[in-house]
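Below you'll find the structure, written out as structure tokens, and then a few comments.
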Amino acid sequence: MAYDPSLIEPKWQAYWEENQTFRAEIDPAKPKYYVLDMFPYPSGAGLHVGHPEGYTATDIMARWMRMKGFNVLHPMGWDAFGLPAEQYAIKTGTHPRDTTQRNIANFKRQIKSLGFSYDWSRELDTTDPRYVKWTQWIFRKLFERGLAYQAEVPVNWCPALGTVLANEEVIDGKSEVGGHPVVRMPMKQWMLRITQYADRLLEDLEGLDWPEPIKKQQRDWIGRSEGAHVRFAIIGQAGTAIEVFTTRPDTLFGATYMVLAPEHPLVAAITTAGQRAAVDAYIERSARKSERLRQAELGEKTGVATGAFATNPVNGREIPIWIADYVLAGYGTGAIMAVPGHDERDWAFAKTFGLPIVEVVSGGDVAKSAWTGHGRATASGFLDGLETDAAKRKMIEWLEAKQIGRGTVTYKLRDWLFSRQRYWGEPFPVVHYSQGGSQGGSQGGADGRVELIPESALPLLLPELDDFKPKGEGFEAPLARVKSWIETTDAKGERVLRDANTMPQWAGSCWYFLRFMDPKNDTAPWSLEAERYWGPVDLYVGGAEHAVLHLLYSRFWHKVLYDLGLVHTKEPFQKLVNQGMILGESFRFYDDDVSDSARPGAARRYASADVEETDDGPVAKSDGRALKARWLHSSKIATDANGNPVHPEDPALPLERVVEKMSKSKGNVVNPDDVIREHGADAMRLYEMFIGPLEKAAPWSTEGIQGIYRFLQRAWRLFHSEEAGGDPSEESGGRSESRDTFRAPVPGTGTLEQRRLTAQTIAGVTDDLEAMRFNTAISKLMVFARDITKDMTKDITKDGTKDAGKDASSELALPRDSAEAFILLLAPMAPHLCEELWQRLGHAESLAYAPWPVADPAMLVADEITLVVQVNGKKRGEIRVPVDVSDAEAESGALALEAVQRILEGRKPKKVIVVKGRLVNIVG
RNA sequence: GCCCGGAUGGCGAAAUGGUAAACGCGGGCGACUUAAAAUCGCCUGGCCUCAGGGCCGUGCAGGUUCGAGUCCUGCUCCGGGCACCA
């Protein structure tokens with residue numbers, strides 16, 4: 001039998017399943033290792049080659065840690081609530097549950113075909129009522145602790161999706177999903193008080209083994225800034241004051257006007273009669289302003305004076321109060337003191353409206369632009385001469401002494417908008433008393449009392465529905481229409497209304513890693529025992545697109561659970577790794593058929609070099625006619641004599657190689673099913689790990705996997721010999737069955753060279769896995785497979801060029817020690833092949849728990865080494881020396897080289913540098 | 001605009017401040033074969049050279065060092081994130 005993954009792989013997948021090989025149980029005698037993938041949303045499109053990259057990396061770590069004696073928890077599940085299933089339901093009437101179940105089945109089949117060592121007995125699905133129950137249970141805890149509340153907030157309403165989106169889900173004024181327009185409008189919504197945890201979310205980043213850029217992104221997102229709150233009295237309105245937040249209290253002397261956000265509650269009260277019409281018009285206009293318009297107008301300053309004035313508390317000057325939409329209602333106090341000399345936005349505004357600009361910090365030229373850097377305070381009374389930091393401190397002291405302000409801290413982080421007007425999500429386990437309540441905001445209701453439904457009533461499940469469309473009039477949630485579900489009674493029989501909102505998709509993913517620890521528990525979300533043993537996640541791998549949202553939300557919930565004593569660590573994910581994206585490769589040309597329905601042959605084709613990109617799209621350089629880009633899949637292209645890609649029907653047309661995100665329209669999507677069918681799961685796993693560092697994006701190359709496949713065959717052939725039994729391809733049924741027979745390695749440890757190579761490979765692969773450098777680990781195993789049976793002693797001739805091939809053809813036998821080490825080293829990466837070889841070596845048990853090989857330290861040091869000889873830092877030769885050569889001997893050996901003498905031309909070296917075990921550098 | 005990454009052969013890449021390009025793809029030559037595929041071996045950064053060999057070479061320009069892909073300064077380009085956050 002030749003290497004045939006289609007026979008080996010299903011065999012071992014069945015074996016692992018039957019023997020429950022990867023079932024994890026709590027075992028206090030063993031150290032634990034919890035390795036987790038970001039669980040996928042099971043989309044209808046199925047797995048793409050990007051998914052298995054992270055899964056393979058975690059699987060290698062899981063299998064490796066098992067072999068190192070750890071008790072490994074490695075689960076998989078489904079983030080199964082989500083918009084696509086609901087949108088599919090709107091289109092087709094298929095219940096999202098059915099779509100979801102079907103997609104999960106497909107995902108599971110695909111993932112299983114890759115041979116990952118998941119403990120499938122722990123599989124979970126966030127839409128499962130047994131899971132929803134505990135998501136709702138956690139919401140109860142949040143509510144009880146005052147961390148969940150309802151508020152009328154301006155939200156991002158997306159009419160096309162029929163739902164409200166979180167700020168994070170809105171990109172450039174359009175929905176992240178689908179790119180539909182989004183408008184801002186006030187609605188009553190569930191909010192989670194994540195801001196209460198801002199400081200802890202910031203501080204606890206310290207101890208985490210996460211990529212620094214991700215930590216920074218989280219810090220920036222939380223956006224802590226220190227400054228001061230200052231109250232400005234309004235002239236003629238005794239007792240009213242405007243409070244502002246500033247990070248530069250040291251510039252207070254330079255505050256020449258104030259600005260309120262248009263939504264600021266004091267606007268109506270302070271506006272003078274003369275300005276009322278203009279102010280109202282401005283408020284009206286900015287409220288209607290779409291996100292897109294806001295984006296487009298960025299930088300242009302608009303605003304209106306209210307007619308009112310305030311007193312600058314440090315110098316008693318009267319300063320005008322304006323409203324302008326460059327001040328955001330949601331940050332700080334929604335009002336600012338404007339210091340045009342030292343803030344770019346204020347400077348631009350002051351220039352636009354002719355307001356005074358005063359320099360109070362030296363260092364720039366405020367006539368030309370705002371100076372935002374530090375410097376010495378000037379024209380600032382008691383601050384004069386102080387450096388910025390000292391000036392800030394002194395001003396805060398002064399404000400606090402006078403009781404007109406105080407040092408304070410603000411955050412960019414806002415409370416988390418936690419409700420969606422969708423069907424396919426977790427219902428809120430609450431009821432509303434009296435009329436109104438939150439019905440997706442449309443009824444805006446009286447502030448009826450909200451109460452949790454009893455724990456015993458969980459899970460609160462979704463009602464069945466046959467029409468999933470959001471209603472046309474305004475923004476009513478689908479659930480609001482289900483009167484039979486919405487209207488209910490409480491324990492005392494009082495009429496109450498359920499909440500028509502559902503939770504966002506984040507809810508389920510905020511705690512799934514905890515449920516994996518104890519997924520079948522009916523009496524608690526997880527047992528304390530399980531959490532104390534398995535928690536926290538030791539290694540978490542997923543895409544960088546979750547850098548802020550999922551990770552921040554999960555950390556927040558985790559901290560709440562920590563405060564409740566339900567988890568014993570402050571942080572959920574100790575080590576985080578972001579895998580890079582697998583990109584698609586395609587080949588581009590252009591043609592002048594700009595219609596979408598390309599008429600074959602009719603169009604004139606252009607190479608990329610003859611095309612120019614303009615604002616109106618690509619045009620031909622020659623005559624300027626409009627062109628359209630076309631893409632060819634790499635399997636469709638031809639190559640010219642030099643190996644360059646050309647169009648298959650037009651060999652004179654060079655193609656441009658393009659590497660980018662996989663998408664259907666570019667014809668560069670690779671389906672894992674196809675790859676596995678052709679090359680097997682082991683080859684796919686290995687290839688994804690081999691194309692480059694895990695964190696880096698890399699293109700999938702259809703040819704590249706061939707090299708990996710060859711390596712696996714080579715590994716197979718180390719243990720098999722082709723038998724010349726019978727004529728090959730003698731009408732043996734179409735397929736040429738080259739019959740290999742198992743060739744057992746010879747007992748023992750082999751030659752010195754073989755022992756060295758084996759030890760080096762063990763040490764190298766182990767180091768590489770430790771650092772998750774899978775690409776270099778694989779290359780070391782390739783070198784091993786190539787050289788282990790090669791008689792190296794014969795073909796090392798100093799210049800190596802002549803007839804090396806002839807001598808090298810003499811082959812050594814494969815020693816059993818080396819053979820076993822090789823199989824075990826390769827096993828985490830190519831488990832099917834290695835299990836098969838392991839069995840053929842005579843082992844009855846799976847190698848999943850076989851001990852990881854240890855390198856013989858004596859074999860890692862050579863007796864003789866090669867030193868590089870440099871003259872003035874440039875390589876001129878090398879010398880073979882004993883490993884313990886003295887510096888003097890190395891030096892004289894180097895100087896004896898003919899090449900060195902020639903270059904020195906009899907000069908005496910000025911200096912000789914000997915680097916132990918490395919080189920000799922002669923400076924002369 | 002701000003913040004993060006990144007830039008090394010035809011391509012994916014490797015390289016504790018110490019032999020740049022390991023390993024793989026692609027390409028070339030050869031072996032095996034009636035032939036092809038598969039497999040195996042060798043070659044494969046550029047330029048110069050009669051051999052020996054030499055010169056150049058890690059986005060650009062400098063610097064530190066006996067020695068720089070690696071460290072420092074200033075740029076260029078590409079990718080990603082954030083965006084009037086006071």
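Chain A is the first sequence line, chain B the second, and so forth, proteins listed ahead of strands; every chain is numbered from 1.
- Taking the centre of each ring, Phe349(A) and Tyr257(A) come in below the 6.0 Å mark.
- Going from atom CD of Glu585(A) over to atom C1' of rG26(B) covers 11 Å, rounded to whole Å.
- Across all strands shown, Val923(A) has heavy atoms under 4.0 Å from sugar-phosphate atoms exclusively, and none from any base.
- The shortest distance between the side-chain N/O atoms of Arg918(A) and the OP1/OP2 oxygens of rG67(B) is not below 4.0 Å.
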Quiz item: Could you walk me through whether Leu694(A) and Gln579(A) pass the side chain to side chain contact (heavy atoms under 4.5 Å, CB included) check?
Solution: CA-CA 5 Å; Leu694(A) 179 61; Gln579(A) 92 254 13; 3.8 Å; yes
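- Checking the phosphate oxygens (OP1, OP2) of rG6(B), no side-chain nitrogen or oxygen of Lys696(A) falls inside 4.0 Å.
- Checking the phosphate oxygens (OP1, OP2) of rA14(B), a side-chain nitrogen or oxygen of Asn775(A) falls inside 4.0 Å.
- In this entry the distance linking CG of Leu413(A) with P of rA83(B) reads 13 Å, nearest Å.
- Between Lys874(A) and rA20(B) there is no side-chain N or O to OP1 or OP2 distance below 4.0 Å.
- With distances taken from any side-chain atom of Asp220(A) to the nucleotides rA86(B), rA38(B), rC3(B), the minimum falls on rC3(B).
- Judged by a 6.0 Å distance limit and a 45° cone about the ring axis, Lys301(A) is positioned over the six-membered ring of Tyr326(A).
- Shown are Leu686(A), Thr761(A), Asp768(A), Thr776(A); of these, the side-chain contact (heavy atoms from CB on, under 4.5 Å) with Leu781(A) is made only by Thr761(A).
- Between Ser701(A) and rC11(B) there is no side-chain N or O to OP1 or OP2 distance below 4.0 Å.
- Of the side-chain N and O atoms in Arg876(A), one or more sit less than 4.0 angstrom from OP1 or OP2 of rG54(B).
- Toward the 5' end of RNA chain B, the nearer of the two residues Ile708(A) and Tyr331(A), judged by each one's closest nucleotide, is Ile708(A).
- Close to rC23(B), at under 4.0 Å from its OP1 or OP2, lies no side-chain N or O of Arg710(A).
- Side-chain atoms of Lys910(A) stay outside donor-acceptor range of the base of rC66(B), with no qualifying N/O pair under 3.5 Å.
- When each of rC3(B), rA86(B), rU39(B) is scored by its nearest atom to the side-chain atoms of Asp343(A), the top-ranked nucleotide is rA86(B).
- Within the shown strands, rG63(B) is the pairing partner of rC71(B) under the Watson-Crick or G-U definition, both distances less than 3.5 Å.
- Backbone-only contact: Lys216(A) has heavy atoms under 4.0 Å from sugar-phosphate atoms and none from a base.
- Atom P of nucleotide rC66(B) and atom CG of Leu867(A) are separated by 21 Å, given to the nearest angstrom.
- The phosphate of rA38(B) (OP1 or OP2) has no side-chain N or O of Arg717(A) nearer than 4.0 angstrom.
- For Tyr282(A) (side chain) and Thr302(A) (main-chain N/O), a donor-acceptor pair under 3.5 Å exists by modelled atom type.
- Straight-line distance from the CD atom of Glu656(A) to the P atom of rG10(B): 17 Å, rounded to whole Å.
- Of all nucleotides listed (rA86(B), rC4(B), rC84(B)), rC84(B) comes nearest to the side chain of Tyr326(A).
- Here the side chain of Glu703(A) is nearest to one of rC40(B), rC23(B), rC25(B), namely rC25(B).
- Across all strands, Val783(A) comes closer than 4.0 Å only to sugar-phosphate atoms, never to a base (heavy-atom distances).
- In this model, the phosphate group of rC66(B) is not approached by any side-chain N or O of Gln870(A) to a distance below 4.0 Å at OP1 or OP2.
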